[in-house]
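One structure below.
When a ligand or atom number is given, it counts from 1 through the structure's own listing order. Computation of the quantities below employed the complete heavy-atom set of this structure, encompassing side-chain atoms and omitting hydrogens, waters and symmetry-equivalent molecules.
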Amino acid sequence: MPIRKSGDIPYSEVTPKAVYLNRRAFLAGVPAAILATRFARAGTKLPNLVKSPLSTTGEKTTPYNDVTTYNNFYEFGTQKDQPANLAKNFKTSPWTVSVEGDVAKPRKFSMDEILKLAPLEERIYRHRCVEAWSIVVPWVGYSLSEIIKQSGGPTSRAKYVAFESYYDPKQMPEGVHAGIQLPYVEGLRLDEAMHPLALLCVGMYGETLPPQDGAPVRLVVPWKYGFKSIKSIVKIRLVESQPPTTWNLYGANEYGFYSNVNPTVDHPRWSQAKERRLGEFSKRDTLMFNGYGNQVASLYAGMDLKKNY
Ligand SMILES: Nc1nc2c(c(=O)[nH]1)N[C@H]1C(S)=C(S)[C@@H](COP(=O)(O)O)O[C@H]1N2
Ligand SMILES: [Mo]
C-alpha cells in the first residue's frame, strides 16, 4: 500500500478514527464493549494546523467529552444528550456546499475543496449559548470570507448572507418533533459575515467535526449567541434583504436577527447577565459581545442594541 501524506487523503476516503481503532483493537483481541467507551472519539486528525492569532488566549478549553455530549442540534432531538447518540450514523460524505445568489461566480464546493480552500487554523473561541451555558473550544477552520472570495466575492447588490443546514427527515426523524421549522436557516449582515472572526469550521480539537457538533462544516460566530452558529451547512446565499432565521421565526420577541451576546439585555424569560461554563460549578459574568467587543463593536456603532437584539 503506497504511503501518502495525510494531507493528500480525500475527506471521503478517510477512515473514521473510531473505526480504525476498533479494527486495530479487534486484531488485538479487545472486547467491543470496552472499545465503545475507550474510543468514543470519531474524528479524523486534521494535519498542518496553523495557530491563529485570532484565538482567545489564556483560557482553559472545555473537555472534549463535555463539548460532544451536551449539544443543541434539534434535527437530532431537543434534549442535550440526544445528538451524541442519534447523529452517530449521520452520512456526511459526499457533501456539497453551494455558494450562490449575489456573488460574482456562484459555485458548488465539495468537502475536499473546502478542506483545501485556505490554510486550516486552530482558533480557540468562547461560545455562549442563549440558554446561559458556555464552552471554550479549539475549533478548526478559516474565515468565512475566504469561501465568499473564492466565489468571486459579493456583488454590489449583496447586503446579507443566508445559510441553510442539511435536512433529511429519514436521517433526522426527531426533526418533526423539534418544534422549529426545518431546514434550519440563519443569516448575517454582509459586514458581519466578512469579519475575520466569523469562522467556517471543519473541525475541533485537531480533528474533523463529530456529527453532533455540526459535521462536516458549520459556522462559528463567537460574539453571537450559539444558535447563530449553524451546523451541517449545505447552502450559503448572498442576498439583498435580511433573510429569515430559524429562532426568529419560532419567536420573534425572544430571538432577534442580531443576537449579539449582551449581558445587559435579558431574554424575556431569563437573565443573560451570567453563564455557566460546562464543567464548572459556579457561574461567571457574561461579557459584552462575549468578550470580542474590541474586534466587533464598531460593526454596531450607532445602533440601539436593545432594539436590535
Ligand atoms: N442545524 C442546526 N444548527 C444549530 C443548532 C440546531 O439545532 N440545528 N443549534 C444551535 C445552538 S442553539 C447552539 S448553542 C449551537 C451548539 O453548538 P455545539 O453543540 O457544537 O455546542 O449550535 C447551533 N446550530
Ligand atoms: Mo444555543
Side-chain angles (χ1 to χ4, degrees), residues 42-43 61-87 90 92 95 97 123-141 162-169 171-172 174-188 198-205 207-236 244-251 254-256 259-261 267 269-270 272 275-279 286 290:
T61 55
T62 305
Y64 179 91
N65 196 54
D66 290 334
V67 175
T68 56
T69 58
Y70 192 88
N71 299 100
N72 275 335
F73 199 165
Y74 274 39
E75 291 87 331
F76 294 106
T78 58
Q79 303 300 308
K80 301 282 183 281
D81 60 348
Q82 281 181 309
N85 292 315
L86 301 179
F90 180 41
T92 56
W95 194 271
V97 177
R123 296 191 193 172
I124 300 172
Y125 282 171
R126 285 181 292 276
H127 176 93
R128 168 60 160 81
C129 178
V130 74
E131 295 165 285
W133 48 273
S134 68
I135 48 183
V136 178
V137 182
W139 303 109
V140 177
F163 303 88
E164 191 175 307
S165 291
Y166 183 80
Y167 181 51
D168 173 9
Q171 287 199 71
M172 300 157 157
E174 288 298 314
V176 295
H177 310 297
I180 54 172
Q181 203 174 296
L182 295 174
Y184 197 98
V185 290
E186 256 306 334
L188 295 172
L199 181 74
L200 191 71
C201 173
V202 298
M204 61 201 295
Y205 300 85
E207 300 178 359
T208 53
L209 285 168
Q212 62 269 39
D213 286 280
V217 54
R218 68 175 295 176
L219 213 61
V220 179
V221 192
W223 70 96
K224 292 178 179 284
Y225 290 119
F227 63 84
K228 300 294 288 183
S229 294
I230 183 171
K231 294 175 170 179
S232 305
I233 297 169
V234 289
K235 198 189 287 184
I236 299 176
T245 63
T246 291
W247 285 100
N248 183 256
L249 291 170
Y250 170 87
E254 299 193 345
Y255 307 104
S259 295
N260 292 314
V261 173
H267 184 280
R269 290 183 280 133
W270 61 83
Q272 293 293 21
E275 68 197 55
R276 192 187 305 283
R277 183 89 23 111
L278 295 192
T286 287
N290 202 23

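Checking side-chain atoms of Asn290 against main-chain N and O of Pro222 turns up a donor-acceptor pair under 3.5 Å. A distance-only check finds a donor-acceptor pair linking the side chain of Lys231 to the backbone of Asn72 [under 3.5 Å]. Judged purely by atom type and a 3.5 angstrom limit, Gln272 uses its side chain to pair as donor or acceptor with the backbone of Val130. Although no hydrogens or angles enter the test, the distance criterion places a donor-acceptor pair under 3.5 Å between the side chain of Ser232 and the main chain of Ala215. Using a distance-only test at 3.5 Å, with no hydrogens or angles considered, a donor-acceptor pair links the side chain of Lys228 to the main chain of Gly187. Using modelled atom types, one side-chain atom of Thr62 and one backbone atom of Val136 make a donor-acceptor pair closer than 3.5 Å.
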request  = Step by step, work out the salt bridge (Lys or Arg N to Asp or Glu O under 4.0 Å) result for Lys224 and Glu186.
outcome  = CA-CA 12 Å; Lys224 292 178 179 284; Glu186 256 306 334; over 6 Å; no

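Taking any N or O of Tyr70, backbone or side chain, none lies under 3.5 Å from an N or O belonging to ligand 1. At under 3.5 Å, a nitrogen or oxygen of Arg218, whether backbone or side chain, sits near a nitrogen or oxygen of ligand 1. Of the N or O atoms in Trp139, none lie within a sub-3.5 Å distance of an N or O in ligand 1.
Taking all heavy atoms of Trp133, Phe163, Tyr184, Tyr167 into account, the minimum distance to atom 10 (C) of ligand 1 is reached by Tyr184. Nearest-heavy-atom check against atom 5 (C) of ligand 1 across Leu219, Thr68, Asn72 picks out Asn72. Here the shortest heavy-atom distance to atom 11 (C) of ligand 1, taken over Phe227, Tyr166, Phe73, belongs to Phe227.
Of the protein's non-hydrogen atoms, the one nearest atom 8 (N) of ligand 1 is Glu75 OE1, 2.8 Å. Looking only at heavy atoms of the protein, atom 14 (S) of ligand 1 is closest to Cys129 SG, 3.5 Å. Regarding atom 18 (P) of ligand 1, its nearest protein heavy-atom neighbour is Lys231 NZ, 3.4 Å. Looking from atom 15 (C) of ligand 1 to the surrounding protein, the closest heavy atom is Gly226 O, 3.5 Å. From the protein, the heavy atom lying nearest to atom 7 (O) of ligand 1 is Tyr74 N, 2.7 Å.
Taking a 4.0 Å cut-off on heavy atoms, Ser229 registers as neighbouring ligand 1. The shortest heavy-atom distance from His127 to ligand 1 is under 4.0 Å. Residue Ile135 places a heavy atom less than 4.0 Å from ligand 1.
Donor-acceptor pairing under 3.5 Å is recorded for the side chains of Tyr184 and Trp247. Under the 3.5 Å distance criterion, with hydrogens and angles disregarded, no donor-acceptor pair is assigned to the side chains of Lys80 and Asn71.
Applying the side chain to side chain donor-acceptor pair (under 3.5 Å) test between Ser134 and each of His127, Arg128, Glu275 identifies Glu275 as the sole match.
Interface of Ser165 with ligand 1, defined as ligand atoms under 4.0 Å from a residue heavy atom, comprises 1 (N). Within the listing of ligand 1, atoms 18 (P), 19 (O), 20 (O) sit less than 4.0 angstrom from a heavy atom of Asp213.
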